[in-house]
Structures are given as structure tokens and as C-alpha cells.
Amino acid sequence: MPTTQDLKDRIETALPGATAEVEDLTGGGDHFRAEVVSQRFAGLTRIERHQLVYGVFGDEVGGPIHALSIKAQTPEEEQT
Amino acid sequence: MTSEEIRTFVEKAIADNDVMLFMKGTPEEPRCGFSARTVAALNGLNARYAALDILPDPRIKQELVAVSGWPTSPQLFIDGKLVGGCDIVMEMYETGELAEALGVEQPDEDETPDVAAADPPATTAPLGIENRL
């Protein structure tokens, strides 16, 4: 069962320079919320940003990771 | 029904309905909090939309994911294009972009329902495409 730390580490490894805050929404290890800040999101649509984060986990999203709620911002957007 | 037929059905639903929501449960009885919030946002804008429950057959979700490349539900399509799931729909609702994409008026601030908690208003009658799967 993935932990919030696993998800945080994997996002931050896959997106160098990103910071991720991951919360387990239900405590059950399968519904997560990730707030990710990365320069990589600049110029991307919402869909593309979310796909970038989903892409870190491949088939696990929708599988063992039943739900992954995402907030994806650039460092500049996070400031505002 | 074969998987190919389900895929064709999903593709046709996206093509034929200007606003197409794939969700868990129905607009009247969502079976997942994310689907419920998405429905509440659409209902809050009095949007007309078609909805399909993906739960009756696991192959519906498989084929939907294959068609859209998006791994989770709900999934909202406007004019044949994937808009996103619950997070994106809620962000767009809050910024007014969802109303714009739907071509509807954003309600005045003080009339805005609390979509996180709101039940779908009974007066809204979504097109609700018949689940023929």
C-alpha cells in the first residue's frame, strides 16, 4: 500500500525541482491529494499538468491508487 | 456486448453530446464524492449535460480510459474534448472558465451554491443518456 511519503518522493524524483505535499484523504492508502509546485507546469494546460503527475504513477492511478486529486501550480502561481 | 462495442459506444457518446460526463453513479445518485462534486458544479451552472454511469460494467471504464488517456473518474468532455476530472472542473468552476466553456452564465456570487455540499437541485433535469450497456 503506497504511503504519502512514497507518493511525495516519486513525484519529486520524477519532476526534478518540484515540491509535493501529499495527503491521504481517507487514511486508507488509496485516496490521495497531491499539491505539486513545479516550474515544469509553466505553459501547460490543466489537463497536461495533471497528466504529467498521473504519468508518474502509470497504471497505479485508477488501480491501487484509487483516486489522486491534484493541484498543480508553478512557483509563480503559488505566490499569488 | 463486446469491448469493441463498448468502445464505440463511449466514442459515440463523446461525439454526440456537447457536454458528456462519465461518472460513478448517476447525477441523481452519485456513487463517489468526486463525481458528486462534478455534478454539483454542472448543476450549479444549470448546465445541460449527458451522463453515463461507468459502474455497471468494468469494461466501460477500461474503454473510457483507453479512449481518453485519463486514468480516473469522473471525466467531463465538452464539444468532444476532455476537459478533465473533478479537480479541474472545480478549479474552472471557481474561476468562471467552466461557465465560459459551457456557454452559460456564471451565477452571481451570492447565489453561487456551495457546490462542495450541495445536492443536485431537483429542478435540473440532465439529459441523462440512457445507459444501454
Side-chain angles (χ1 to χ4, degrees), chain A residues 2 4 6-8 10-11 14-15 18 20-38 40-80, chain B residues 10 14 20-25 30-41 54-55 57-102 115-116:
Chain A
T4 55
D6 292 338
L7 268 68
K8 175 182 168 64
R10 287 175 64 186
I11 293 169
L15 306 175
E21 297 302 325
V22 181
E23 188 188 344
D24 184 336
L25 292 175
T26 59
D30 55 4
H31 286 69
F32 294 96
R33 163 89 173 164
E35 301 201 356
V36 187
V37 178
S38 170
R40 285 278 299 279
F41 297 140
L44 301 185
T45 63
R46 287 195 174 88
I47 290 266
E48 291 165 341
R49 292 177 181 197
H50 282 231
Q51 278 170 333
L52 200 57
V53 180
Y54 280 145
V56 173
F57 303 102
D59 288 348
E60 291 167 74
V61 175
I65 302 173
H66 174 80
L68 178 60
S69 171
I70 297 169
K71 182 170 190 180
Q73 294 180 295
T74 63
E76 291 76 22
E77 289 164 351
E78 196 204 10
Q79 301 293 313
T80 55
Chain B
V10 165
I14 294 168
M20 182 69 217
L21 177 67
F22 295 90
M23 64 180 291
K24 292 182 178 168
R31 299 271 299 274
C32 146
F34 299 106
S35 288
R37 286 212 288 283
T38 305
V39 161
I54 65 163
L55 291 175
D57 186 327
R59 294 176 303 169
I60 305 173
K61 184 178 177 201
Q62 274 172 26
E63 296 305 318
L64 173 63
V65 169
V67 167
S68 68
W70 191 259
T72 57
S73 299
Q75 297 187 16
L76 180 69
F77 292 78
I78 300 180
D79 296 330
K81 282 181 62 179
L82 177 65
V83 170
C86 177
D87 296 320
I88 290 179
V89 169
M90 295 313 294
E91 282 179 23
M92 290 178 70
Y93 177 86
E94 278 156 26
T95 61
E97 288 163 87
L98 184 62
E100 200 177 319
L102 292 165
V115 292

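Chain letters run A, B, ... following the sequence lines, proteins first, then strands; residues in each count from 1.
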Note: D87(B)-R46(A) ion pair, threshold 4.0 Å (strictly below):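 Salt bridge between D87(B) and R46(A), a charged N being under 4.0 Å from a carboxylate O: no.
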
Go through the atoms of R33(A) and report whether side chain, backbone, both or neither lie under 4.5 Å from a heavy atom of chain B.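 Side chain only.
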
Would you give the length of the straight line joining atom CG of L82(B) to atom NE2 of H50(A), rounded to the nearest 0.5 angstrom?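 Between L82(B) CG and H50(A) NE2, I get 11.0 Å after rounding to 0.5 Å.
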
Starting at OG of S69(A), measure out to CE of M90(B) and round the result to the nearest 0.5 Å.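 Between atom OG of S69(A) and atom CE of M90(B) there are 10.5 Å.
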
Which of the residues I65(A), V61(A), T45(A), D59(A) is involved in the greatest number of heavy-atom pairs with chain B at under 4.5 angstrom?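 Answer, by heavy-atom pair count under 4.5 Å with chain B: V61(A).
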
In terms of heavy-atom pairs under 4.5 Å, which option from T72(B), V65(B), I88(B) contacts chain A the most?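 Greatest number of close heavy-atom pairs with chain A: I88(B).
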
Anything under 30° is parallel, anything over 60° is perpendicular, the rest tilted; go ahead and classify F34(B) against H31(A).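 Parallel: the ring planes of F34(B) and H31(A) meet at under 30°.
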
For atom NZ of K71(A), is the number of surrounding heavy atoms from other residues, nucleotides or ligands below 6.0 Å larger than 12?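 Count not over threshold, so no.
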
Checking E97(B) against chain A: side chain, backbone, both or neither under 4.5 Å from a heavy atom?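 Contact with chain A: side chain only.
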
